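In what follows, a single structure is set out as structure tokens and then discussed.
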Amino acid sequence: MKDHLVRVATKDGTLRATAAVTTELVDAICRRQGTDPTASVALGRLVTGAALMGSLLKGDQRLALMVEGNGPLQKLHAETDAQGQVRGSVKVPVSGIVPGEKGFDVPAAVGRAGFLHVIKDLGLKEPYRGMVQLYSSEIAEDLAYYLTSSEQVPSTVALGVYLENDGRVSAAGGLLVQALPEGQESLISVLEKRLIDLPPVTTLLRDGKGPVQILEALFSGIPLGRSEETPLVFRCTCSRNQVLAMLKSLGREELQEMAAKDEDTGVICEFCKEHYSFSPDEIKALIARVGNTETP
């Protein structure tokens, strides 16, 4: 099953929901990041959460999620756009936390204290920035808490990542359900009960059910409007020119130190791990451009 998400809303405008399968996406990102099993589950959840929230974007809008905690992973980062292009990273990919009888201890890996940052580029003069303290460090509950408290949209988020014994991601996906203004309380109550009774997303995916089937089960008997489907892919937006712009922002003094070395300066993208190399001559040329733009 190729990665994709499906977005629907009830005909009466009471509720909207998005279901996604992100197996290939999460596996690709975790392999690039070199994550251990617990880190894979944590990062996979955030990546899937970003994909779900990305279903609410339009046009050229972008979204970034960052989780900073006092656990061994330190910082997790996921980005997406309205076209379903997603990337993710983790600062420390090896948590050192071995799964126990109850499964993966994601809160211990993330840390019990920390913050969830949400940055949205909506095409305005400045990006929107939101921040909340981590609610449980389970990722799904933190995203639901943010959406409900900061964006004032009552939300339920379910995220899942299933690993094989060799650490390979064999199922990943999620579900986002939101109550819209002036929704029918009776209908919301029905959905709340169904969400409680719904098996874990990874169980449904491993049983062969995709986003459409998950939403059909959840909204059985409830009239829905037209559904929208978006493919999901891993894609990094880094480029050599972007890295040059980043180096230029370091300033003349630091660039001069790089140019004085007899070796190339290497930069590795935190998301795709692409390696960019710049010779001392290229750094000197960059310094000349910096000199032309800096104010004496």
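Numbers for residues simply follow the sequence, beginning at 1. Hydrogens, waters and symmetry mates are skipped; everything else that's a heavy atom, side chains included, is used. It should be emphasised that the depicted structure is a prediction, and the values quoted were computed from it without experimental measurement.
- With rounding to the nearest 0.5 angstrom, the OG atom of S40 is 10.5 Å from the CZ atom of R31.
- Looking only at side-chain heavy atoms (C-beta outward), V161 and F104 stay at 4.5 Å or farther from each other.
- When the side chain to side chain contact (heavy atoms under 4.5 Å, CB included) test is applied to D105, the partners found at least two apart in sequence or on another chain are I97, P107, A108, R112.
- Residue pairs meeting the salt bridge (Lys or Arg N to Asp or Glu O under 4.0 Å) criterion with at least one partner in residues 152-170, sequence neighbours excluded, are absent.
- The CD atom of Q242 lies 7.5 Å from the OH atom of Y276; values are rounded to the nearest 0.5 Å.
- In this structure Y145 satisfies the ring-ring contact (aromatic ring centres under 6.0 Å, His included) test together with Y135, sequence neighbours excluded.
- Judged by distance alone, the side chain of R194 and the main-chain N or O of L218 form a donor-acceptor pair under 3.5 Å.
- Its side chain outside the 4.5 Å cluster rule for every partner, V98 clusters with none of the Ile, Leu, Val, Met, Phe, Trp and Tyr residues.
- The heavy-atom pair separating D27 from V169 by the smallest distance is OD1-N, 3.3 Å.
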Kindly indicate, with the supporting measurements, whether the criterion side-chain contact (heavy atoms from CB on, under 4.5 Å) is fulfilled by M258 and L250. CA-CA 11 Å; M258 294 179 185; L250 296 176; 3.4 Å; yes
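- Considering only residues two or more places apart in sequence or on other chains, S227 meets the side chain to side chain donor-acceptor pair (under 3.5 Å) condition with none of them.
- Cluster note: M66 groups with I119 through ILVMFWY side-chain heavy atoms spaced under 4.5 Å, whether in direct contact or through intervening members.
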Could you walk me through whether R252 and I287 pass the side-chain contact (heavy atoms from CB on, under 4.5 Å) check? CA-CA 6 Å; R252 189 180 186 87; I287 292 171; 3.6 Å; yes
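- Sequence neighbours left out, the pairs with a member in residues 56-98 that pass ring-ring contact (aromatic ring centres under 6.0 Å, His included) are H77-F271.
- F115 belongs to a hydrophobic cluster whose other members, connected by ILVMFWY side-chain contacts under 4.5 Å either directly or through intermediates, are M131.
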Donor-acceptor contacts under 3.5 Å from residues 45-57 side chains, at least two apart:
unit_1 : atom_1 : unit_2 : atom_2 : d
R45    : NH1    : E138   : O      : 3.2
R45    : NH1    : E138   : OE1    : 2.9
T48    : OG1    : T22    : OG1    : 2.8
T48    : OG1    : G44    : O      : 2.8
S55    : OG     : T18    : OG1    : 3.0
S55    : OG     : L52    : O      : 2.6

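- Residues that satisfy the side chain to side chain contact (heavy atoms under 4.5 Å, CB included) test with V94, not counting sequence neighbours, are D36.
- F278 carries R240 over the face of its six-membered ring, with the cationic atom under 6.0 Å from the centre and within 45° of the normal.
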I'd like to know whether L159 forms a side-chain contact (heavy atoms from CB on, under 4.5 Å) with V201, so could you lay out the CA-CA distance, the side-chain angles of the two residues, the decisive distance to 0.1 Å, and finally the verdict. CA-CA 7 Å; L159 305 170; V201 175; over 6 Å; no
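- The salt bridge (Lys or Arg N to Asp or Glu O under 4.0 Å) pairs that include a residue from residues 54-72 are R62-E79, R62-D81, where partners are two or more places apart or lie in different chains.
- Contacts classified as salt bridge (Lys or Arg N to Asp or Glu O under 4.0 Å) and involving residues 258-272 (residues at least two apart or in different chains) are not found.
- We find the CZ-CG distance between R206 and L204 to be 11.0 Å, quoted to the nearest 0.5 Å.
- Side-chain atoms of N241 and S239 form no donor-acceptor pair, as typed in the model, at a separation below 3.5 Å.
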